[in-house]
There are 2 protein chains.
Amino acid sequence: MNPEHNLSRRERQIMDILHAQGQATAAAVLAALPAPPGYSAVRALLRILEEKGHARHRREGARYVYVPRTSPELARRSALQRVVSTFFQGSVAQAMAALLETADTQLSDTELTRLQQLIKKARKEGR
Amino acid sequence: MNPEHNLSRRERQIMDILHAQGQATAAAVLAALPAPPGYSAVRALLRILEEKGHARHRREGARYVYVPRTSPELARRSALQRVVSTFFQGSVAQAMAALLETADTQLSDTELTRLQQLIKKARKEGR
DNA sequence: ATTAAAGTGCTAATAAATTAGCACTTCGGA
DNA sequence: TCCGAAGTGCTAATTTATTAGCACTTTAAT
């Protein structure tokens with residue numbers, strides 16, 4: 001089961017921010033939070049996330065900089081995996097098609113070409 | 001902000017089940033839950049989710065069958081959007097590449113061909 | 001070296017989520 | 001028709017999450 005499932009609402013919001021930004025101080029997290037709670041609350045939550053093993057911190061001058069404990073690669077992988085299995089019955093192809101559709105105009109020609117290449121490669125390796 | 005962010009841990013677990021299965025009774029949700037709580041708990045949560053507008057139910061004989069209130073299309077779209085923006089800096093192309101990589105062998109040749117076509121179409125429309 | 005600003009470590013209070021339990025309904029078979 | 005099994009509607013208890021506040025530390029500028 002996805003570890004994301006064991007986080008409380010705030011904890012998840014905060015982990016999302018850490019993942020999105022790569023790293024952040026308590027003040028930065030506070031700034032990024034929707035309907036921001038008190039500063040104390042954020043600090044406490046960061047401490048808890050660390051205790052639970054979801055994040056770690058290093059000292060930088062007087063303050064702590066928090067970083068997710070799972071690598072970006074792993075985090076990405078498991079986030080995608082969760083969406084695919086929850087919303088697309090496990091079909092990666094369907095998920096890709098949906099992504100393509102929502103992205104539409106936002107994908108540059110270069111990116112599309114690159115994707116073509118990747119798929120071509122996948123086909124070769126597949127057979 | 002993503003509504004998924006306002007759900008508690010259990011609430012989110014339950015919504016995931018509803019989305020994955022399309023619909024479910026309290027008993028079915030209970031069966032699908034990891035570290036399942038009591039039956040009462042599940043029923044209460046379903047009631048709360050309904051109050052909050054995330055799900056609705058219809059009666060089926062003696063029991064209630066719950067269904068997510070957002071359409072599968074919308075739910076998929078916003079789940080993907082969240083992952084892309086949180087874990088891929090908003091880059092759909094990167095997300096697609098990651099999907100392709102994790103899927104690898106699991107994609108049939110037919111599916112890959114279909115994706116090629118979709119991308120080709122996107123390229124045409126883009127220019 | 002002194003000090004104000006910005007940070008952190010705690011502990012304890014408050015609010016929200018989660019659960020239990022019991023009384024009342026619905027359903028289907030004897 | 002009557003009964004037991006399976007369900008639901010509540011209310012109230014309990015456990016977790018969230019927050020506030022105060023004492024101590026670090027930093028950087030005077």
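Lettering of chains follows the sequences in order, A, B, ..., and the numbering in each one begins at 1.
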**Asked** Which pairs, with at least one residue in residues 17-48 of chain A and sequence neighbours excluded, count as a ring pair (Phe, Tyr, Trp, His ring centres under 6.0 Å)?
**Response** A:H19-B:F87

**Asked** salt bridge (charged side-chain N to carboxylate O under 4.0 Å, His left out) between B:K52 and B:E11: does it pass, once the steps are laid out?
**Response** CA-CA 11 Å; B:K52 291 192 183 177; B:E11 287 174 345; 3.0 Å; yes

**Counterpart residues, salt bridge (Lys or Arg N to Asp or Glu O under 4.0 Å), relative to A:E111 (two or more places apart)** = none

**Partners passing side-chain hydrogen bond (donor to acceptor under 3.5 Å, both in side chains) against A:S71 (at least two apart in sequence or in another chain)** = A:E73

**Message:** Just the rounded figure in Å: distance from C1' of C:dG28 to CD of B:E60.
**Reply:** 16 Å

**Complete:** For B:E50, the side-chain hydrogen bond (donor to acceptor under 3.5 Å, both in side chains) test, sequence neighbours excluded, returns B:H57

Dump every N/O contact between nucleotides 5-11 of chain D and the protein below 3.5 Å, one line per pair.
from	atom 1	to	atom 2	distance (Å)
D:dT8	OP1	B:Y64	N	2.7
D:dT8	OP2	B:Y39	OH	3.2
D:dT8	O3'	B:Y64	OH	3.0
D:dG9	OP1	B:Y64	OH	2.6
D:dG9	N7	B:R43	NH1	3.1
D:dG9	O6	B:R43	NH1	3.4
D:dG9	O6	B:R43	NH2	3.1
D:dC10	N4	B:R47	NH2	3.1

**Asked** Can you name the salt bridge (Lys or Arg N to Asp or Glu O under 4.0 Å) partners of B:E60, sequence neighbours left out?
**Response** B:R58

Could you go through residues 88-97 of chain A and list every donor-acceptor pair under 3.5 Å that involves a side-chain atom there, pairing it with any protein atom two or more places apart or in another chain?
from	atom 1	to	atom 2	distance (Å)
A:S91	OG	A:Q94	N	3.0

What are the atom names and distances for every N/O pair under 3.5 Å that joins the protein to nucleotides 13-18 of chain C?
from	atom 1	to	atom 2	distance (Å)
C:dT18	OP1	B:R10	N	3.3
C:dT18	OP2	B:S8	OG	2.2

**Item:** All pairs passing salt bridge (charged side-chain N to carboxylate O under 4.0 Å, His left out) where residues 113-126 of chain A contributes a residue, at least two apart
**Value:** A:R123-B:D109

